[in-house]
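Quick note on labels: first sequence line is chain A, next is B, and so on, each numbered from 1.
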Amino acid sequence: MTETRLRFPPSPTGYLHIGGARTALYNWLYTRKTGGKLILRIEDTDTERSTKDSIDGIIEGLNWLGIDWDEGPYFQTDFSDDHRQAAKRLLSEGKAYQCFCSKETLDKKREAALAAKQNVGYDGTCRDLADEEIAEKQNSGLPSVIRFKVPTRQGKLGYNDCVLGRIESSYDEIDDFVIVRSNGSPLYLLCNVVDDIRDRISHVIRGQDHMTNTIKQLLLYEALEAPLPVFAHMPLTLDTKKAKISKRSHGEIVAVQFYRDHGFIPWAFNNFLVLLGWSPGNDQEIFEKQELIETFTLERINKSSSIFNYRKNDPKFFTDPKAIAINEHYLRSMKVEALAPMVKAELIADGLWEDEYETTRQEWFFSTLELIRDRFHTLKDFTTLGRAYFSDEYAVEEKPLKKNVLKHPGLEQWLPELADKYESLAEFSLEETERVAREFAADKDIKPGVIINGMRTVVTGQLAGASMFDILVAIGQEKVVNRLRETPRFYK
RNA sequence: GUCCCCAUCGUCUAGUCAGGUCCAGGACACCGGCCUUUCACGCCGGCAACACCGGUUCAAAUCCGGUUGGGGACGCCA
């Protein structure tokens with residue numbers, strides 16, 4: 001079998017969104033599975049809307065996801081000679097023709113047709129112009145586009161889609177489509193095919209919104225006498241109202257960058273994305289990278305579209321709950337050694353990083369991550385909920401302050417007293433800190449819980465957390481003593 | 001308006017091609033319990049779906065037809 005060659009061809013008209021990322025991911029997975037090559041091709045022929053920022057954003061997004069490519073990025077506009085030549089060839093072989101219909105006329109016709117609930121589509125006005133007519137119009141300076149001349153044939157045109165099965169369409173239902181603009185620049189349908197032929201693309205994995213394009217492109221392959229790639233049309237991702245997700249109507253929540261900025265683990269996000277329209281056929285949902293590459297198949301891509309379950313203004317979930325759940329899973333179960341660099345980046349960003357965390361205090365750093373990550377959802381939580389472990393500047397939440405501290409006036413004296421006892425402890429261990437705390441509670445004739453929960457709030461600022469004595473040991477004797485001593489500040 | 005695609009719990013889905021083992025399995029979410037100094041994690045349990053109608057068949061989530069619903073496309077966008 002010859003090498004598989006796939007491509008991801010985004011148009012740089014906005015950031016990378018989850019639909020595009022998923023398409024990239026599927027192409028990447030299949031490429032890696034088959035040991036082929038992935039080509040990144042920026043389809044920038046829409047010069048009006050293409051921007052440099054967008055190109056950077058897409059590449060940044062792919063990099064973050066860990067989706068790498070073997071060739072490119074190629075820029076479609078760099079190959080316009082190829083596209084023009086192909087158009088010229090089709091024209092000279094009588095497989096395309098010049099069309100002089102003005103955009104205005106066409107727009108009017110389309111509108112009228114739509115309003116009258118008639119069929120919309122090119123009516124073929126210029127399809128059979130005589131040579132003299134063409135020359136005449138051209139000489140009079142009329143602008144023209146080039147249209148592909150859909151062969152007049154009986155029967156159907158079709159192909160076998162890896163996902164959908166046999167897809168067919170009657171020839172007479174296909175309109176003559178424009179392949180070159182009046183300004184001479186070739187259009188997507190043509191460019192895309194010419195590039196795929198030149199890049200020797202063997203598999204085209206793209207969204208189902210391209211299905212009708214595929215039918216037209218089949219004709220182009222035939223006219224250009226090139227072999228057909230394998231096509232696989234993946235289901236679209238819709239929003240909860242079943243509308244196609246787009247950057248325009250959904251904003252940043254569908255941007256890959258949003259997930260990077262909200263503390264997602266890149267692979268966890270890939271793992272979430274792959275499940276939106278594909279399953280291995282059993283109950284497995286969590287996949288290591290290599291495992292997913294091996295398990296992934298085109299045939300198991302779903303036919304029906306899936307919904308990105310993001311509910312605006314949801315108080316509990318800032319995005320699809322399943323995405324968060326998968327992120328949590330990785331956050332809690334991955335090796336700390338692998339998690340540490342990600343947390344490091346967050347700490348650096350917040351100015352909380354200490355180089356010792358990588359050297360003399362690495363053991364402490366790892367065990368602390370291990371201790372606190374169980375309750376976290378994203379990487380961001382390490383610098384917010386877990387801030388007290390890395391800094392003395394941490395917020396004390398209102399609710400636990402009232403419930404665990406202010407409700408017990410005695411703590412204003414007790415906690416500083418306990419601080420003295422902790423300070424004199426020779427061994428600040430789990431056993432010792434617990435023994436002292438319990439004896440202290442018994443001594444004051446109060447429930448240990450009062451002391452413990454009060455301490456938790458004062459020392460970490462949080463209502464909840466890990467086992468109290470683990471926390472004390474993690475934060476360390478000196479800091480614990482200081483923080484407990486400052487308890488009276490809350491009563492002012 | 002025309003063409004194309006799709007249809008299982010709220011969401012992601014398994015099961016459909018090779019009909020019976022499915023009064024439909026898993027995950028997330030939700031609810032309850034256990035654990036516990038707190039909150040989580042974890043564990044245990046619960047709620048919850050074959051869009052509808054007809055046909056074929058001893059037997060249909062599964063095959064066929066229709067209906068309805070949803071989506072996509074119909075650009076001198078990609």
Exercise: do R206(A) and T214(A) side chains pair donor with acceptor under 3.5 Å: yes

Options rA73(B), rU38(B), rC5(B), nucleotide nearest the side-chain atoms of K244(A): rA73(B)

Under 3.5 Å side-chain donor-acceptor pair for D53(A) and T51(A): no

Minimum-distance nucleotide to N302(A) side chain [options: rC30(B), rA14(B), rC4(B)]: rA14(B)

Listed nucleotide nearest any side-chain atom of L187(A), set rC77(B), rA29(B), rA40(B): rC77(B)

Touch class at under 4.0 angstrom, heavy-atom based, for S182(A) against every strand present: base

Under-4.0 Å side-chain N/O to phosphate OP1/OP2 contact, R311(A) with rA29(B): no

Pair assignment for rA29(B), Watson-Crick or G-U wobble, requiring both distances under 3.5 Å: none

N/O (side chain, R375(A)) to phosphate O (OP1/OP2, rG42(B)) under 4.0 Å: no

Complementary nucleotide of rG42(B), counting Watson-Crick and G-U pairs under 3.5 Å: rC34(B)

Ring-on-base stacking rA78(B) with H210(A) (under 5.5 Å, under 30°): yes

Side-chain N,O (S279(A)) to OP1/OP2 (rA14(B)) below 4.0 Å: yes

Atom-pair distance (CD on E299(A); P on rU16(B)), nearest Å: 15 Å

Residue-phosphate contact under 4.0 Å: N213(A) side-chain N/O, rG72(B) OP1/OP2: no

rU38(B) phosphate, OP1 or OP2, under 4.0 Å from N404(A) side-chain N/O: no

Check: rA27(B) base within 3.5 Å donor-acceptor of K322(A) side chain: yes

Among I205(A), D199(A), N192(A), the one residue meeting side chain to side chain contact (heavy atoms under 4.5 Å, CB included) with R7(A): N192(A)

Touch class at under 4.0 angstrom, heavy-atom based, for R110(A) against every strand present: sugar-phosphate

Under-3.5 Å donor-acceptor pair between Q208(A) side chain and rG71(B) base: no

Phosphate-side-chain proximity, R166(A) and rC5(B), N/O vs OP1/OP2 below 4.0 Å: no

Residue-phosphate contact under 4.0 Å: R300(A) side-chain N/O, rA14(B) OP1/OP2: yes

Sugar-phosphate only, base, or nothing, as touched by K303(A) at under 4.0 Å among non-hydrogen atoms: sugar-phosphate

Touch class at under 4.0 angstrom, heavy-atom based, for A466(A) against every strand present: base

Which residue lies more 5' along RNA chain B, comparing G277(A) with R147(A) via nearest heavy atoms: G277(A)

Sugar-phosphate only, base, or nothing, as touched by P448(A) at under 4.0 Å among non-hydrogen atoms: nothing

Sugar-phosphate only, base, or nothing, as touched by F272(A) at under 4.0 Å among non-hydrogen atoms: nothing

R456(A) side chain near rC39(B) phosphate (N/O to OP1/OP2, under 4.0 Å): no

K242(A) side chain near rG72(B) phosphate (N/O to OP1/OP2, under 4.0 Å): no

Side chains of D195(A) and H83(A), donor plus acceptor under 3.5 Å: yes

Presence of donor-acceptor pair under 3.5 Å, side chain of T212(A) and base of rC4(B): no

Nucleotide of rG26(B), rU37(B), rA78(B) approaching S11(A) most closely (side-chain heavy atoms): rA78(B)

Base of rU37(B) paired with side chain of S467(A) (donor-acceptor, under 3.5 Å): yes

